[in-house]
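The next block holds one structure in the form of structure tokens; read it before the comments.
Computed over heavy atoms, backbone and side chain alike; hydrogens, waters and symmetry mates excluded.
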Amino acid sequence: MAEKIQKPKGTQDLLPEATIAWQHVETTARQLFASWGYGEIRTPIFEDTALFLRGVGETTDIVHKEMYRFEKSERDLCLRPEGTAGVVRAFMEAGLSRASKPVKLWYTGPMFRYERPQAGRYRQFHQLGVEVFGLATPETDVEVIALAWQLLESLGLKGLTLHLNDIGTASDRTAFRAKLQEHLRPLLPQLCKTCQHRFDENPFRMLDCKVPACQAAYESVYIDDFLKTPWTGIDSQAAFTRITTLLSALNIPWVQNHKLVRGLDYYTHTVFEITANTDGVDGMGTINTVCGGGRYNGLVETLGGEPTPGVGWALGLERLIALLPKHEDSSPLMVVLPSGNDGSSPQDWASAYQQAKTLRQQHPTATILLDTSNRAFKKQMEAADKRGASSVWFQRDGEWQQKLLGR
Ligand code: ATP
Ligand code: MG
């Protein structure tokens, strides 16, 4: 026998039992986005590598270590590791960055990162995200957070917490960076290898480290004192207070996490993550962040567009779905049984197809199966029962009749 080919490491096949939950999430999200006035955008799965080098940042893990990069006809391309950079590129290419009215978009699709696969972490995974361009108000940050919150809540996700921070602008961070390095230099020998490596390149990302010894070292370094750049007309601290006051009024429980810096370079001011309760979900333990996002006022300009503020988030569908309560397909099943191999004529078959069509019109939420096996009638009946049909339909004296199976 020929050797079997298996799926690449870190990828998943989703069979029909699994896609039921995916469809449920996608349908819920689609309806919610439409009702909040967000339009769907679809961008290519591969892009010029330069888009992510510039847009996400060369020192970030996802660009530095995790990209699926390849060359074709001397072009440097890669599979997208995240959605925002592509959406920004498309937004500029369509001339939307010159439009004066705000633009609200959502997207979903596969993303690719060369990571060590584990529960909740894959090499091909799927994100669902939103981006809002052209609005620099704290109230817009609250709107996108409230949208994520409503989506997660309406899907039945439990134990949600919003972690929030203000990381200022690139120039605020330059000032903080010097202070941070000065503070951490003497502690370097006690820190983990990753942190030692990040010290020169991107010390800000050190705060993200999960190693307890590193966490302890970062306890007393807060960026807050360095947040000098105002929002449009609003002092940084005042903007943050406006956001948190509104979140509390909307009953969204938030905590400020001074160490939340997020993995991507493009954020300015607000960054946030939403975690869920992972108790009882196999192997997910600490992998509990389902949604991450923030404001990125400089990104459009960095990628060559007009200065345009932006804010958005992305959530990981695999993680979200792993944490959801089981979604059962509750639509009733009816099976149409042609008279079988004891002599179905072409007319009998035509009548069976017609009957299935009529039932599908009459019961749009039910599943109507037509048994085309050409087996004996008794066998068809047994198969329908085994599949859990609520009723079967068959012809008697030229009339279609329904037999209920007691479900
Ligand atoms: P993490 O710290 O868990 O690696 P991240 O900061 O790299 O997350 P983002 O780039 O912010 O994640 O992506 C947003 C969301 O996408 C995450 O909160 C997570 O739910 C999901 N996600 C990210 N990477 C993966 C992956 N490799 N497999 C599955 N889901 C992922
Ligand atoms: Mg990551």
*side-chain contact (heavy atoms from CB on, under 4.5 Å) partners of Glu306, counting only residues at least two apart*: Ser97, Arg98, Thr308
*Which residues satisfy the side-chain contact (heavy atoms from CB on, under 4.5 Å) test with Lys179, sequence neighbours excluded?*
Glu182, Phe226
Would you indicate whether [X], at its atom [atom1], is surrounded by more than 12 heavy atoms from other residues, nucleotides or ligands within a distance under 6.0 Å?
X      : atom1 : result
Glu71  : CD    : yes
Gln362 : CD    : yes
Lys259 : NZ    : yes

*Any side chain to side chain donor-acceptor pair (under 3.5 Å) pairs touching residues 225-239, not counting sequence neighbours?*
Thr169-Thr229, Asp172-Thr229, Trp231-His269
Gap separating the [atom1] atom of [X] from the [atom2] atom of [Y], nearest 0.5 angstrom:
X      : Y      : atom1 : atom2 : answer
Leu96  : Lys101 : CG    : NZ    : 7.5 Å
Leu260 : Glu273 : CG    : CD    : 4.5 Å
Phe394 : Gln402 : CZ    : CD    : 9.5 Å
Leu359 : Leu369 : CG    : CG    : 11.5 Å
Leu180 : Arg185 : CG    : CZ    : 10.5 Å
Gln380 : Asn374 : CD    : CG    : 7.5 Å

*Take Asp61 and Arg198 through the salt bridge (Lys or Arg N to Asp or Glu O under 4.0 Å) test and state the conclusion after the steps.*
CA-CA 10 Å; Asp61 282 353; Arg198 283 177 175 159; 2.8 Å; yes
*All side chain to side chain donor-acceptor pair (under 3.5 Å) counterparts of Gln215, not counting sequence neighbours*: none
*Kindly write out the residues that satisfy side chain to side chain donor-acceptor pair (under 3.5 Å) with Arg42, not counting sequence neighbours, or none if the list is empty.*
Glu40
_side chain to side chain donor-acceptor pair (under 3.5 Å) between Asp76 and Thr49, intermediate numbers included_ = CA-CA 6 Å; Asp76 184 359; Thr49 301; 2.8 Å; yes
Taking only residues at least two apart or on different chains, which pairs with a member in [range] satisfy ring-ring contact (aromatic ring centres under 6.0 Å, His included)?
range            : answer
residues 43-87   : Tyr68-Tyr114
residues 294-321 : Tyr266-Tyr296
residues 150-175 : none

*Excluding sequence neighbours, so at least two apart, what forms salt bridge (charged side-chain N to carboxylate O under 4.0 Å, His left out) with Glu318?*
none
*Centroid-to-centroid, Tyr38 to Trp106, below 6.0 Å?*
no
Could you tell me which non-hydrogen atom of [X] sits nearest to which non-hydrogen atom of [Y], and how far apart they are?
X      : Y      : value
Ile167 : Ile223 : O-CD1, 3.6 Å
Ala239 : Ile234 : N-CG2, 3.8 Å
Ser331 : Thr367 : OG-OG1, 3.6 Å
Ala90  : Ile41  : CB-CD1, 4.0 Å

*Sort and list the pairs that fulfil salt bridge (charged side-chain N to carboxylate O under 4.0 Å, His left out) and have at least one residue in residues 130-152, not counting sequence neighbours.*
Lys104-Glu143, Glu139-Arg242, Asp141-Arg295
_For residues 109-120, which residue pairs pass the salt bridge (charged side-chain N to carboxylate O under 4.0 Å, His left out) check, not counting sequence neighbours?_
Glu115-Arg121
*asked:* Could you walk me through whether Glu153 and Trp149 satisfy the side chain to side chain donor-acceptor pair (under 3.5 Å) test, starting with their C-alpha distance in whole Å, then the side-chain angles of each, then the deciding distance to 0.1 Å, before giving a yes or no?
replied: CA-CA 6 Å; Glu153 260 191 354; Trp149 199 264; 3.2 Å; yes
Side-chain polar contacts of residues 8-20 - donor-acceptor pairs under 3.5 angstrom, sequence neighbours left out - could you list them?
from	atom 1	to	atom 2	distance (Å)
Thr11	OG1	Pro8	O	2.7
Thr19	OG1	Pro16	O	3.2

*Would a 4.5 Å heavy-atom cut-off, applied to side chains only, mark Arg89 and Thr43 as touching?*
yes
